[in-house]
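Chain naming here is simple, since letters A, B, ... match the order of the sequence lines and numbering starts at 1 in each. The figures here come from the full heavy-atom set of this structure, side chains too, leaving out hydrogens, waters and symmetry mates.
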Amino acid sequence: MIYALCFILILIGLYGVLTRRNTVKIIISLLVIEYGVHLFLVLQGYRRDGVPPIIEPGGEEALWLQRSVDPLPQALVLTSIVIGLGVLALMVALSIRLYERFGTFDIREMRKLRG
Amino acid sequence: MSETIVVLISLMIIGALVAIETPRLLYSIISVGAVGFLLSIVFLFLSAPDLAITQMAVEVITLVLLLQCTGGLASEQVSDQGSLFSRAATGTILLVLALFGASMLADFPEFGRPVIDRFADTPSGIYLREGLQQTGAANIVTAVLLDFRAYDTLGEATVLFCAVMGALSVLRRQGRRQSEGSDQEGEEVT
């Protein structure tokens, strides 16, 4: 059920990438895809009634070990979130440049004005 | 617990639909910001506080970047009416992917039972058991990021640096003016 919802989120983002004609809308759709993929990866590591993978001082470590969620997907998604920000900055910069050159965000106009 | 997550993801789906369907860019950017903040709350419910904090910070910067990009520029409306062929092609691609995903869904492990439950010697299990002794970090996520998989973090920093350098080199004006100036000089000579 939750995986299906997550997949729907990714498909909505893909629909946006395929149908929108505005470069900013395409960037936003790519963001939605990114959110969906991050969510999916973190869901893979979730344990029912899990606790965060942080050892508390004075806590029972054996009990924590049995209840902690998987730390590896979280660490890799953390990396991915930060990289997503860098890629977004690059996309926004390209979008601004295209707007300055063609005076529009419409990708069809850009194709017509080429050459 | 899992009902809360279902509700939150449904809200995210609604926000994403609004962000993609609304014709005005400002509304679209605000909606995608709402989706990001909802994702941050979902991360909290999934016991990932580090991710929730990072997602909040990144989301704020995302909103500022997108608004800065489009705020003064975008009053124009771009129509999204595609031709019949492109709409049919889009529909086919999405349908095929949806069927593919639906056939995959049956094979996924049950929600709430991670891999470390079934296989004790996965890297995750080892990190959990030996993280505190080997690295001295109480937070296992940071132990994985900065110790067990520090090379991944180095690669992340490299990619981030490259992306920022790319964005800056696309945006800077100095070099472009100089090259345009040299072009004009060349025309004058000829």
To the nearest 0.5 Å, atom CE of B:Met56 lies from atom CD1 of A:Ile81 at 12.5 Å
When every non-hydrogen atom of A:Tyr46 is compared with those of B:Phe45, the smallest separation belongs to CE1-O, 3.8 Å
Requested in this report: Flag the pair B:Val32 / A:Tyr35 as yes when at least one side-chain heavy-atom distance between them is below 4.5 Å, and no otherwise.
Outcome: yes
Between B:Ile5 and A:Ile2 the two heavy atoms that sit nearest each other are CG2-CD1, 4.1 Å
* side chain to side chain contact (heavy atoms under 4.5 Å, CB included) between A:Leu90 and B:Val164: does it pass, once the steps are laid out? -> CA-CA 7 Å; A:Leu90 186 57; B:Val164 170; over 6 Å; no
Check the pair B:Glu21 / A:Arg20 against side chain to side chain contact (heavy atoms under 4.5 Å, CB included), numbers first and verdict last. CA-CA 9 Å; B:Glu21 286 299 332; A:Arg20 299 299 103 167; 3.9 Å; yes
Turns out that what part of B:Leu51 lies under 4.5 Å from chain A's heavy atoms comes down to both
Quick one, A:Ile10 and B:Leu97 - any side-chain contact, counting heavy atoms below 4.5 Å?
no
Value for CD (B:Gln68) from CD1 (A:Ile96), rounded to nearest 0.5 Å, stands at 7.5 Å
ask   = Ignoring hydrogens and geometry, is there a side-chain-to-backbone donor-acceptor pair from A:Lys25 to B:Ser28 under 3.5 Å?
value = no
The reported gap from OG1 in B:Thr90 to OH in A:Tyr15 (rounded to nearest 0.5 angstrom) is 8.5 Å
Please step through side chain to side chain contact (heavy atoms under 4.5 Å, CB included) for the pair A:Leu72 and B:Arg149, ending with a clear verdict. CA-CA 10 Å; A:Leu72 192 54; B:Arg149 293 188 176 241; 3.5 Å; yes
I'd like to check B:Pro49 versus A:Ile54 (side-chain heavy atoms, cut-off strictly below 4.5 Å). Are they in contact?
yes
Per-residue tally against chain B (heavy atom, under 4.5 Å) across A:Val32, A:Ile8, A:Val77, A:Leu43 peaks at A:Leu43
Worksheet item: Mind checking whether A:Leu65 and B:Leu128 have side chains closer than 4.5 Å, heavy atoms only?
Response: yes
Comparing A:Ile28, A:Ile27, A:Ile26, A:Val69 against chain B, the one with the most heavy-atom pairs below 4.5 Å turns out to be A:Ile28
When rounded to the nearest 0.5 Å, the distance separating CG of B:Asn139 from CD of A:Glu56 is 11.0 Å
* Backbone N/O of B:Ile140 and side chain of A:Gln74: donor-acceptor pair under 3.5 Å -> no
When the 4.5 angstrom heavy-atom criterion is applied to B:Leu168 and chain A, the contacting part is neither
Honestly, the part of B:Thr62 sitting under 4.5 Å from a heavy atom of chain A is both
Honestly, the part of B:Val159 sitting under 4.5 Å from a heavy atom of chain A is side chain
Okay, A:Val82 and chain B: the region with an atom under 4.5 Å from a heavy atom over there is both
Ranking A:Leu39, A:Leu31, A:Leu14, A:Val92 by heavy-atom pairs under 4.5 Å to chain B gives rank one to A:Leu39
Closest heavy-atom pair, B:Ile20 versus A:Gly16, reported as atoms and distance to 0.1 Å, is CG2-CA, 3.8 Å
CG of B:Leu105 to SG of A:Cys6, rounded to nearest 0.5 Å, is 10.0 Å
Okay, B:Leu39 and chain A: the region with an atom under 4.5 Å from a heavy atom over there is side chain
ask   = If only atom types and distance count, is the side chain of B:Ser47 paired as donor or acceptor with the main-chain N or O of A:Gly50 below 3.5 Å?
value = yes
Given the options B:Leu94, B:Leu95, B:Ile93, A:Leu11 meets side-chain contact (heavy atoms from CB on, under 4.5 Å) only with B:Leu94
If one checks every heavy atom of B:Ile9 against chain A at 4.5 Å, the contacting part turns out to be side chain
Separation between OG1 (A:Thr23) and CG (B:Leu25), nearest 0.5 Å, reads 8.0 Å
When the 4.5 angstrom heavy-atom criterion is applied to B:Phe148 and chain A, the contacting part is neither
